[in-house]
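Written out below as structure tokens is the structure these notes cover.
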Protein chains: 2
Amino acid sequence: MTSKQRSAPASLATVAAAAGVSIATVSRIVNGETRRASAETVERVRKAIAVVGYHPNHAGRTLRRRESRLVAMLAPNLDNLVMAAIAASTEAALRAAGYVMILCDTHDRPDLQDEYLNAMRSQVVRGYIMVASVPSAGLKDFVADGAPMVFVNRRPPFGRGAFVGIDNVKAGADAADMLWSAGLRRCGVLAPAQGSSVTRDRLKGFCGRMRALGVTEIPAAEAAGRSHLEIGYEAARRLAARNGWLEGLMCVSDQIAYGAYRFARESGIVIPERCKLVGIDGNPLNRWIAPWLRSIEVKYEDFGEPIVELLDHVWHAGGDAEHIMPHGVA
Amino acid sequence: MTSKQRSAPASLATVAAAAGVSIATVSRIVNGETRRASAETVERVRKAIAVVGYHPNHAGRTLRRRESRLVAMLAPNLDNLVMAAIAASTEAALRAAGYVMILCDTHDRPDLQDEYLNAMRSQVVRGYIMVASVPSAGLKDFVADGAPMVFVNRRPPFGRGAFVGIDNVKAGADAADMLWSAGLRRCGVLAPAQGSSVTRDRLKGFCGRMRALGVTEIPAAEAAGRSHLEIGYEAARRLAARNGWLEGLMCVSDQIAYGAYRFARESGIVIPERCKLVGIDGNPLNRWIAPWLRSIEVKYEDFGEPIVELLDHVWHAGGDAEHIMPHGVA
DNA sequence: ACAAGTTAGGCAAACGTTTGCCAAATTACG
DNA sequence: CGTAATTTGGCAAACGTTTGCCTAACTTGT
């Protein structure tokens, strides 16, 4: 039988025995406190570490230090590139800072979010990154307890907490300008039925800017659904049924625009020509397979760095803070 | 100042003191071993747990049990829905089985993969899920050490290891049938330059089937690039330059098809009419914004369950095993 | 009533680290 | 040469948990 080895892993004690020194000395050398040992001892211990194949055990370290290198990210899903980009960039930034990311998919459900929060506390995680969090009893408790949290995209639902995201009101206004400057005057807007702070702000910014431009009536449609794709499809259907096809449509997310596109195609409407679509998020796939979509660009792959910076801020300084990311009109 | 609380978290000792019993008793009750205590003691301890707000500390548990509930997933990236679907479904399946997933983005780099493997060992993770792993010195050591591993999509590079994935040779053949049954006879194929077992097998299956159908010359183009999108674009460019536009193109992944689509559009080639594209992966976005792409469907969102099953198998039975997922021709 | 068995629960060691404190041995200083 | 300071390193406690073993106090059977 090709046996699997799985020999007992080396601990500080193993190294200490091999090098003929005490555990304490090995620990200090491992942690870079070399001035507490002579150069030759350090060398001997280094050799022993290599020879027995020692790797520090984080469970022991966490227990003793009462803090781990684990950071939890709770996200409502991963099935679109926005979330994936945030997750990937945050993971990279955490890694660079010596942390390890645990990913939790809450499916936008308060009960699952609470379950995860409790599980993460048991793991003694050092911080929480709440991407598009949903209000829940557990979250409220954690915030009240002062758990180190950074909120992303959706603002902290219970006041306290650091925040990273874009200026959604401004983004909505910019989307309005996009349609207006293309000469379109009669435009509608598609949004989810029970929106978050994100979609509400984008909607508000859009309508505000349109009104400022002198537009009095802004046809809007809302819909519910499992994903923004479905929401876009259904909202487009409702708007078309009510107002016919307008010359321009602002969709509060690119995914909603995709849904609207599908409904248009199935209705025989040619998309950029008959009705122009504008979205928000700047999905990187657009330039490859959705060139008909103009979108407010958001560099979600740049979110990781400020997220980790804010986490650091919360750990050290404490208190609230926010980092508003720029968005473009490519 | 709105002070953050952060009072010392309750431990077994806290509960024991509150309930007037020993730590051992509390531990047993927490772990469901209730027949070692009288009903009234159990009740008293339960109350105490609620009142002091006890949550088990996994660092202590891991240290004592010498195994954690952590499972590491190492993936080459997250920037396409294939990876995202695998990650999300695996996370859900692990969660259901009481595990917690750590996500590591290796960027397909051997050095980063090794760095992550070591970091994960330090976290005392219980298993490793290697999505599209790359051969590396560290991985070889881990495999030789008998670390519990499940390989996904790409086969284990050093022999030993469980595997979950589709039959890529068959998928390639099915893609050939798709083009053939549409009446197309002169088709090309686009693939990455330094392919993995995945793309090689798909290519092999495609060419094999085409030859079996009597096609002797199969124009192929390869390209290198940072993503399959870029690879598809460049490969399409090369093929068009060499062979002109063929009537059908098989792309070994949907992302490559997206790249080819962009090049076609920029060249004024109308895509389904002038040249039919067939891909593999069944990206869920296709039906929304890429209806011109016929694709071999792979339900990556179903991968999580068998992955966790195989991990279980590796833990208990040990030894190799594989789970070939079905694919469709929707 | 006495031995045997069962029930309820405590003691203490161990897991791998970190770190405050102590103690030799060496060096510096007057 | 005597004392003070520095260097080098060990001891042991603590972090929170699990679990083998022990011991009383009951219960049962005869």
Side-chain angles (χ1 to χ4, degrees), chain A residues 6-46 48-49 52-70 98 119 121-126, chain B residues 6-46 48-49 52-70 98 119 121-126:
Chain A
R6 303 271 76 186
S7 55
S11 71
L12 285 181
T14 325
V15 179
V21 298
S22 78
I23 292 180
T25 300
V26 182
S27 171
R28 284 193 268 255
I29 290 174
V30 165
N31 288 19
E33 200 175 328
T34 47
R35 57 193 184 121
R36 286 287 301 266
S38 68
E40 58 176 338
T41 304
V42 171
E43 189 49 32
R44 199 146 35 94
V45 169
R46 289 250 157 80
I49 287 177
V52 305
Y54 169 74
H55 296 267
N57 178 319
H58 272 66
R61 184 171 287 182
T62 296
L63 193 55
R64 168 66 216 222
R65 289 212 185 128
R66 313 184 80 148
E67 70 179 28
S68 73
R69 303 298 285 181
L70 263 29
R121 169 169 46 197
S122 277
Q123 296 289 346
V124 203
V125 300
R126 210 166 184 221
Chain B
R6 303 271 76 185
S7 55
S11 71
L12 286 181
T14 324
V15 180
V21 297
S22 77
I23 291 180
T25 300
V26 182
S27 171
R28 285 192 268 255
I29 290 175
V30 166
N31 289 17
E33 201 176 325
T34 48
R35 58 193 182 123
R36 290 283 304 265
S38 70
E40 58 176 336
T41 304
V42 171
E43 189 48 33
R44 201 147 34 94
V45 169
R46 289 250 157 80
I49 286 177
V52 306
Y54 170 74
H55 295 268
N57 178 318
H58 272 65
R61 184 171 287 181
T62 296
L63 195 55
R64 168 67 216 221
R65 291 212 185 128
R66 314 184 81 152
E67 69 179 28
S68 73
R69 303 300 284 181
L70 263 28
R121 170 168 47 198
S122 278
Q123 296 288 345
V124 204
V125 300
R126 211 168 182 217

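Residue numbers start from 1 in every chain, and the chains themselves are labelled A, B, ... in the order their sequence lines are given, proteins ahead of strands.
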Applying salt bridge (Lys or Arg N to Asp or Glu O under 4.0 Å) to A/R126 and not counting sequence neighbours gives A/E67

Just to confirm, is there a sub-4.0 Å distance from OP1 or OP2 of C/dA8 to any side-chain nitrogen or oxygen of B/T41? no

A/S122 (side chain) donor-acceptor with B/P56 (main chain) under 3.5 angstrom: yes

Which residues in residues 27-37 of chain A have at least one heavy atom lying under 4.0 Å from any atom of DNA chain C? A/S27, A/R28, A/N31, A/R36

Could you walk me through whether B/L70 and B/V124 pass the side-chain contact (heavy atoms from CB on, under 4.5 Å) test, one step at a time? CA-CA 8 Å; B/L70 263 28; B/V124 204; over 6 Å; no

Is the number of heavy atoms from other residues, nucleotides or ligands within 6.0 Å of CZ (A/R44) greater than 12? yes

Looking at DNA chain D, which of residues 14-22 of chain A put a heavy atom within less than 4.0 Å of it? A/V21, A/S22

Taking only residues two or more places apart in sequence, or in another chain, which ones meet B/A119 in a side-chain contact (heavy atoms from CB on, under 4.5 Å)? A/R95

Contact interval (first through last nucleotide) of DNA chain D with protein chain B, 4.0 Å heavy-atom: D/dG16 to D/dC21

Distance-only criterion, 3.5 Å: show the donor-acceptor pairs between side-chain atoms of residues 27-42 of chain B and protein atoms not counting sequence neighbours.
unit_1: B/S38; atom_1: OG; unit_2: B/T41; atom_2: N; d: 3.3
unit_1: B/S38; atom_1: OG; unit_2: B/T41; atom_2: OG1; d: 2.8

Mind checking what makes side-chain contact (heavy atoms from CB on, under 4.5 Å) contact with A/A17, not counting sequence neighbours? none

Residues passing the side-chain hydrogen bond (donor to acceptor under 3.5 Å, both in side chains) test with A/T62, sequence neighbours excluded, are none

Have a look at the helix from C/dA1-D/dT30 to C/dG30-D/dC1 and give the angle its two end axes make, five pairs each, rounded to 10 degrees. 40°

Using a heavy-atom distance cut-off of less than 4.0 Å, which residues of residues 53-68 of chain A contact DNA chain D? A/L63, A/R64, A/R66

Going from CG on B/N57 to CZ on A/R66, what distance comes out if it is rounded to the nearest 0.5 angstrom? 9.0 Å

Which atoms form the tightest heavy-atom contact between A/I23 and A/A16, and what is the distance? N-CB, 3.8 Å

Sorted by chain and residue number, the side-chain hydrogen bond (donor to acceptor under 3.5 Å, both in side chains) partners of A/R61 (sequence neighbours excluded) come out as none

